[in-house]
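This report refers to the structure that appears directly beneath it.
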Amino acid sequence: MSLITTLARLEAVGSGRAQPVATVRHRHLSDHPLVFVPLTTAGETGAPLGALVGTDRDAPRLLVVPQPRDRDLRFTFLADLADVVLPHIEAYADSVEAAERTETDPETGKRVKVEAELCADAPQLIVPSRTGLDFVRLLGRSMRFRRTAEQDPDAPYPAPPRVPLLGRWLTHYGERARVPGSSLLLALTDVLSRHWATGQSGLEDQHLGALLAWIDPPEGTTGAEAARRAELARDADGQLLCPPAGPATDPAFDNKLLAPAIERYDRARTALAAAEDPVEADDLLAALTRAEREVRDLVESRTRPTWDAVWRGLDLLRALPAGAHVEGRWTRDRWSFTAHRDRVLAGEPPQPRRDDAVTAANKLATREREQARLEAQEALDDPLVMAERRLAGEAFAGEVTDVVMAYSEGRRPSPRPLVTVRTEDRPHLAERAKAYRSLGGRPQSAEFVGQEDDGALVLRILDKMGRGKEPEPGSVPEKGDRVCFTLFEHEQRGGAKLPDPEETPWTHGGPPGEPAPEAPDPVTEEDVL
C-alpha cells in the first residue's frame, strides 16, 4: 500500500466517507455487461445453489438448483446457464472489423504487420467479488471436459453440446482475468477498491455492501456506521439485512431457512415418486411445486440485493471519465476474445488441466509485462496515480527554467538540447539515468546530466525531435513550461523468445506427448460438479 493510499484511508476514517484514489476510470465498462451473481451450497465446494444472470438490471434470469446434491438438477442448472450466457457471447462473435496486428514471419523471423479479422466488441462478464472469479474458473474447469452423447455414446451422464462449450469460454475468461488491466471478467469489489479508499481493510473491502456503504453512505450516516450495518444488521428472524455477495451463504440462512426448505422439497419429491393414486399424485405434484417455489424464493432473496448492489456500483464507476489508455487495453481484450473464438471454430480441443512449460512461461511473462504496462499507463492517465510515483521517487514534475541547445558529436550532429527543471520532488536519479516524458502520446527519452547548486535537474533530450538539424516545433520543452518525467518506461519490451512447445527441453518435461516426470493432475470432485 502506497503512502497516498494510506493517507486516503486515514482521511476516510476522519471524514466518514471513502476518498478517491483515482480521477479517471482505469477499467473498461461495456454498455451492456453480463452480470453473474452465483450462490453455492455450504460444505460442498462448487456445488451451485442458484444464480442471477443477465444484462437487464430490471429483469435478471433466476436459475435455481432445489437439491444441490442431485446430479441431474446440477446438470440442468449448467445447461440453463449455457442457454443464457452463450447467446450473449455469440452475438459479439459475428460482428468483425479489419485490423492490423504484428506477427513474426516464419521464414525471415522479422516482425511484420498483417491484416486480420478483429471482433468489433467483446462481451464483458461482471461478478460481485473476487470469490466470484474463482467460481467462474471452477465452473469452466468442471464443464469444459464434460462428454456429450456425440463424443461418447456410453457416457453415463452425457451433457448437452453447449455445456462444454460454455466451460471453454468461462475458462478463457477466468485466465484472462489474471492478466493485469484486462476487463473481460471483472470483480466489482476490486474495481471499486481501485478507485476509492475506505476506512477499512482490504479484506473487508471484499464485502460489496460494506464497500458501497463507505463510497456512497445513506444520508445522515457515516461510512463506518453504514458499513457496520451492512455487515452485521439482522432482521427479527436473525437473517442478514445485507446478504453476502456470494457465492458463499450466511450460516444462519443455511440452518434456519435453506436446509428446512430443501428437506421439504426432498419429502415432497419422494412422496410423489411413491404415489400410485392419480388424484393423490396431483396433490403431491402441487406440494412439490410449492416446495420448489419456496427454495427459488429463498435463493432470490439472497441474490437480488447483491444484483442491485452490482448495478449501483457500476453507476458509480460510470460517473468517472475513462482513462486515455483504457481503450487500448480493451482492444487487447478484443484480440484475446477473437483468438479464442477462432480456436473454438477451428475445433481445437479444450484447454488442458495443466499448461506445458512453454505455455506457462509465456503466460507468466505476459502477466509481468502487462502489470508493468498497466502501472505506467495508469500513472500517465491519472495525476493522483502519478503523485504516488513521484512520492516514491519514480517520477518528478517541475518548471523548465532554462533550455540550452547542444548537439551530438559525429559526422552528422543531431540536436541534444539541455533542459533545466526546477522541482521539489526527490527522484532516485543515478548518473546518466534515463527519464521519459509523454510527447503526443509517445515516450520521449532524456538522460540525467547533473544537478545544479540550487537543486535544479539538468536533462539531455535524446529523441523524438525529428531528423533535421533543428528540433521540430514543440518537441523540446520551452522555458516556463511545466513538465513531468518518469524514471520508468512507458512501453514494456518483450522478453526473450521461448522455444516452440515441441522443443521443450528435457529439464522442463520434454516435448508434449513424452512420458511425464510426475503423475498427471488427477480428476477431483471439483472437475465434475
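Throughout, numbering of the chain's residues begins at 1 and tracks the sequence. Quantities reported herein were computed from a predicted structural model and do not represent experimental measurements. No hydrogens, no waters, no symmetry mates; every other heavy atom, side chains included, goes into these values.
- Listed by chain and number, the residues in a ring pair (Phe, Tyr, Trp, His ring centres under 6.0 Å) with Tyr173 amount to none (sequence neighbours excluded).
- Taking a 6.0 Å sphere around CZ of Arg442, one finds it holds 12 or fewer heavy atoms contributed by other residues, nucleotides or ligands.
- With salt bridges taken as basic N to acidic carboxylate O contacts below 4.0 Å, one links Glu370 and Arg373.
- Figure legend: Arg390 and Phe396 shown without cation-pi pairing, the cationic atom not lying both under 6.0 angstrom from the six-membered ring centre and within 45 degrees of its axis.
- The salt bridge (charged side-chain N to carboxylate O under 4.0 Å, His left out) test applied to Glu100 returns no partner, not counting sequence neighbours.
- A pairwise comparison of heavy atoms in Thr23 and Leu320 identifies O-CD2, 4.5 Å as the closest pair.
- A salt bridge is defined here as a Lys NZ or Arg NE, NH1 or NH2 lying under 4.0 Å from an Asp or Glu carboxylate O, and Glu175 with Arg367 meets this definition.
- Closest of all the heavy-atom pairs between Leu314 and Pro33 is CD1-CG, 4.2 Å.
- Side chains of Thr5 and Ser2: a donor-acceptor N/O pair is present below 3.5 angstrom, by distance only.
- With respect to Glu97 and Arg334, a salt bridge is recorded, a charged nitrogen being found less than 4.0 Å from a carboxylate O.
- Partner of Thr249 under the side-chain hydrogen bond (donor to acceptor under 3.5 Å, both in side chains) criterion, chosen from Thr41, Thr40, Asp254: Asp254.
- Counting only distance, with no hydrogens or angles, the side chain of Asp425 and the backbone of Pro427 share no donor-acceptor pair below 3.5 Å.
- Put simply, OG1 on Thr338 and CZ on Arg343 are 10.5 Å apart, with the number rounded to the nearest 0.5 Å.
- Taking the centre of each ring, Phe337 and Trp169 come in below the 6.0 Å mark.
- Side chains of Trp214 and Asp205: a donor-acceptor N/O pair is absent below 3.5 angstrom, by distance only.
- The two residues Asp70 and Leu73 have their closest heavy-atom pair at OD1-N, 3.1 Å.
- A donor-acceptor distance shorter than 3.5 angstrom exists from the side chain of Gln124 to the backbone of His28, with no hydrogens or angles considered.
- Aromatic ring orientation, His340 versus His172: parallel (interplanar angle below 30°, classes split at 30° and 60°).
- One distance of note links CG of Leu138 with CE of Met143; it measures 11.0 Å at 0.5 Å rounding.
- Between Lys363 and Asp355 a salt bridge is recorded (basic side-chain N to carboxylate O distance below 4.0 Å).
- In this structure, the separation between OG1 on Thr306 and CG on Leu39 is 8.0 Å, given to the nearest 0.5 Å.
- Here the side chain of Glu204 pairs a donor or acceptor atom with the backbone of Ser201 at under 3.5 angstrom.
- The shortest distance between side-chain heavy atoms of Ile4 and Val21 does not fall below 4.5 Å.
- Shown here is Arg162, whose CZ atom has more than 12 heavy atoms of other residues, nucleotides or ligands within 6.0 Å.
- In Arg426, the CZ atom is not crowded: 12 or fewer heavy atoms of neighbouring residues, nucleotides or ligands sit closer than 6.0 Å.
- No side-chain donor-acceptor contact under 3.5 Å links Arg61 to the backbone of Leu52.
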Go through it in stages, so that I can follow the logic: the residues are Val295 and Val65, the test is side-chain contact (heavy atoms from CB on, under 4.5 Å), and I'd like the CA-CA distance, side-chain angles, deciding distance and then a yes or no.
CA-CA 8 Å; Val295 177; Val65 182; over 6 Å; no
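- We find that Arg341 and Glu117 are joined by a salt bridge, their nearest charged nitrogen and carboxylate oxygen being less than 4.0 Å apart.
- Within the 3.5 Å criterion, the main-chain N or O of Gly328 finds no donor-acceptor partner in the side chain of His325.
- Between Arg57 and Asp315 a salt bridge is recorded (basic side-chain N to carboxylate O distance below 4.0 Å).
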Run the side chain to side chain donor-acceptor pair (under 3.5 Å) check on Thr171 and Arg144 step by step: do they pass?
CA-CA 8 Å; Thr171 298; Arg144 72 179 188 267; 3.0 Å; yes
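- Here the side chain of Asp94 pairs no donor or acceptor atom with the backbone of Ala91 at under 3.5 angstrom.
- Of the options Lys256, Arg302, Arg234, a salt bridge (Lys or Arg N to Asp or Glu O under 4.0 Å) to Asp250 is made by Arg234 and by none of the others.
- Two residues are said to be in side-chain contact when any heavy atoms from C-beta on lie closer than 4.5 Å; Leu391 and Glu388 fail this criterion.
- Residues Gln19 and Trp196 form no side-chain contact, since every pair of their non-hydrogen atoms from C-beta on lies 4.5 Å or further apart.
- Distance CG/Leu86 to CG/Leu166: 5.0 Å, rounded to 0.5 Å.
- Of all non-hydrogen atoms in Leu439 and Lys464, the two that sit nearest each other are CD2-O, 3.8 Å.
- Classification of Asp308 and Arg304 as a salt-bridged pair holds, one side-chain N sitting under 4.0 Å from a carboxylate O.
- Under a cut-off of 6.0 angstrom, the local environment of NZ in Lys434 is sparse, with at most 12 non-hydrogen atoms contributed by other residues, nucleotides or ligands.
- Among Gln377, His26, Glu375, the one residue that satisfies the side chain to side chain contact (heavy atoms under 4.5 Å, CB included) test with Val385 is His26.
- Within a 6.0 Å radius of CZ in Arg229, other residues, nucleotides and ligands contribute 12 heavy atoms or fewer.
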Arg194 vs Glu378, salt bridge (charged side-chain N to carboxylate O under 4.0 Å, His left out): CA-CA, chis, key distance, verdict
CA-CA 11 Å; Arg194 176 62 193 87; Glu378 287 185 349; 2.9 Å; yes
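- Thr486 places none of its side-chain heavy atoms less than 4.5 Å from the side chain of Arg389.
- Looking only at distances, a side-chain donor or acceptor of Thr221 sits under 3.5 Å from a matching main-chain atom of Pro218.
- Looking at Leu185 and Leu133, their side chains come closer than 4.5 Å, going by heavy atoms from C-beta outward.
- With hydrogens and angles disregarded, a donor-acceptor distance shorter than 3.5 Å links the side chain of Gln444 to the backbone of Ser475.
- Taking all atoms of both residues into account, the shortest heavy-atom contact from Ala309 to Leu208 is CB-CD2, 3.8 Å.
- Using a 4.0 Å cut-off between charged nitrogen and carboxylate oxygen, Arg168 and Glu348 do not count as a salt-bridge pair.
- Taking OG of Ser301 as the reference point, atom CZ of Arg296 lies at 12.5 Å (rounded to 0.5 Å).
- For the atom pair OG of Ser129 and CG of Leu192, the computed distance is 11.5 Å after rounding to the nearest 0.5 Å.
- The backbone N or O of Leu317 lies less than 3.5 Å from a partner atom in the side chain of Arg25, making a donor-acceptor pair.
- Between Ala51 and Pro38 the shortest heavy-atom distance is CB-CA, 4.0 Å.
- The side-chain tip of Arg353 points at the ring of Phe145 from less than 6.0 angstrom away and within 45° of straight on.
- At a cut-off of 3.5 Å, with distance as the only test, a side-chain donor of Asp190 or Gln206 sits close to an acceptor on the other residue.
- The shortest side-chain heavy-atom distance between Pro217 and Glu225 does not fall under the 4.5 Å cut-off.
- Judged by distance alone, with hydrogens and angles left aside, the side-chain atoms of Arg9 form a donor-acceptor pair with the main-chain N or O of Gln200 at under 3.5 Å.
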Decide side-chain contact (heavy atoms from CB on, under 4.5 Å) for Leu240 and Glu231; before the verdict, give the C-alpha distance in whole Å, the side-chain angles of both, and the deciding distance to 0.1 Å.
CA-CA 8 Å; Leu240 288 171; Glu231 292 178 351; over 6 Å; no
